[in-house]
Amino acid sequence: MQFPWGVPMRRPVDGEVYVHYGQLYVVSGAEQPELDDAFAGQTSGLCGAAVPGFLWLITGLHTGEVGFTVEIHEHAPELDPAWTDVVEVSFRPQASRTFLELWGGQDAWDLDLAPIDYRVRYCARGMDEGNALDTRVKGPQADRYLLQFWAAPPGPDRIVRQTSEIAAYWHRFARALPPPPTAAERAGAERQARAERKRADHERRREAERYAWGGRLPTDALRAVPSALGLMRYDADLVHALDAAGPGVQRRVAAFAARSAATAAGLADLDWVAPALAALEGGRALPSPFDDWDRMFRSLSADPNVPNRMVGEAKPAPGRQRGLGVETAVVSSVKSPPKRRRISQPHMALPAVFHAGRPNALEAAIGAVSAAAHTYGEDYPAFLREVRQVCASPSHGDASGEDPDDVPVPVQGSDESGVLPAPVVPEAVDGLLDTELIDGVTVRIPAHHAMTVGCVVQVEWVVDRSTTVRWDPISQPETPMEFTFDVQDAYAAAYRGGVEISYTLFRDEDTVIARSKTLSLSVR
């Protein structure tokens, strides 16, 4: 603590403060502990310092204003004999700011303590009078307190002076408490708490996912299909039935959905659409223009024979959720339903054909059925009933469950093509991030000659196609940059088994200078 020349002491608090339940606190980066934890292992009972970053101060008065002064000294001050009860403890701030705080957080005073070890002397007089008064609404002050800090090495707590009966009671209380846990016991308890938080987070995510997927957990194959959750809103049971069907059935459903959508939109007989439908039904690759999304829609715009067919927007039945074991009806207070938008059927039908040709059979079926359902608009329930019939009716060649043209849906993998070095995670050991041993994750970006002041580094934390982004401008290019991710982000990665971390260097919003290699970590 540096003091101005000639100023040996300062008083951040001096006057009257309001107490409730006979308590005040000094708080610095610590959550309020239980009373027993604050005094565990002490011989004195007026100032609980057993929890780092926290002091629990006892007063005689239960409720009302007491005299209170806080002094910060450069050296140990003389003890005034006017104080009748005095204890000393050691304290070190655990955060950049330290506060004297009232019960319930009703008010606080910044003590402006440096991050060093302090000796703390808590002095009182009139404690028995304050205890007898219990509640002070008006009238003379019953008890007064002085809290003094000065720089000193840590030491055991001690009773310097004891006069009042209430102070003697609190000293007996502290001495009767069991000893505080050892460092090893605290570390074990923290590991157990982390494991419990991880388990609870895992269970919350699991239940949220179960709800999103109609009351049952999806398979990995279904989870990897982005459009599946959209179709869940219309028919959860059908989505799971498609997932359970073999690739042969999925291909047949995809082709059926594509032809149904094209027929409903009046496109099936056009000379550039009919070959695509025939290719799907024959198990062949889609011909041009269905091999390119933009070219496909340009063909639609250029063809004068495309009919102008419109349909009401497909919307899930209000208040109905299928696949959750029950169907819950919701009564709406709206007197009349809002008007549905009108949708161009040809523009909805083309994606059904395009998706039906995807290399992954499940993705092809779900994408085609979803687009076709929107093509049918308000009549989508009848179409989905037909899809269920197709899905349930076996045909020759379905039994094997194999699709020679099936290609797995791409998953995020390590990218070694980047120019910049991969990021570093100090908490990871041998490529493993253990959530039971960490409180958060640090992603360190190595310094590189391509990094200059004014450029921006954007970090991507990718867990099973879900991306979290952090970014920061470069101010010191010769110094590694660090980005932090919460332990909850690590829990999410543990739920999926791993995380992919990379970063991109931008000159401005639209100009990429270089990308990094990807760091792949297993997370548990």
Over 12 non-hydrogen atoms of neighbours within 6.0 angstrom of CG in Asp291: yes

Asp489 and Arg470 ion-paired at < 4.0 Å: yes

Cationic N near anionic O, under 4.0 Å, Glu196 to Arg199: yes

Salt-bridge criterion met for Glu190 and Arg197 (N-O under 4.0 Å): yes

Nearest heavy atoms of Phe54 and Glu31, plus distance in Å: CD1-O, 4.2 Å

Side chains of Thr442 and Glu427, donor plus acceptor under 3.5 Å: yes

Spacing of Met451 atom CE and Glu478 atom CD [to the nearest 0.5 Å]: 12.0 Å

Lys198/Asp201 ion pair, N-O < 4.0 Å: no

Output field: ring centroids Tyr25/Trp56 closer than 6.0 Å: yes

Polar side chain donor-acceptor pair, Gln345 to Thr375, under 3.5 angstrom: no

Heavy atoms of other groups near Trp471 CH2, more than 12 under 6.0 Å: no

Sub-4.5 Å side-chain heavy-atom contact between Leu238 and Leu242: yes

Minimum-distance pair of heavy atoms, taken over all atoms of Phe383 and Ala373: CE2-N, 3.8 Å

Min side-chain heavy-atom separation Val459-Val457 under 4.5 Å: yes

Expected output: side-chain Arg92 to main-chain Pro115 donor-acceptor under 3.5 Å: yes

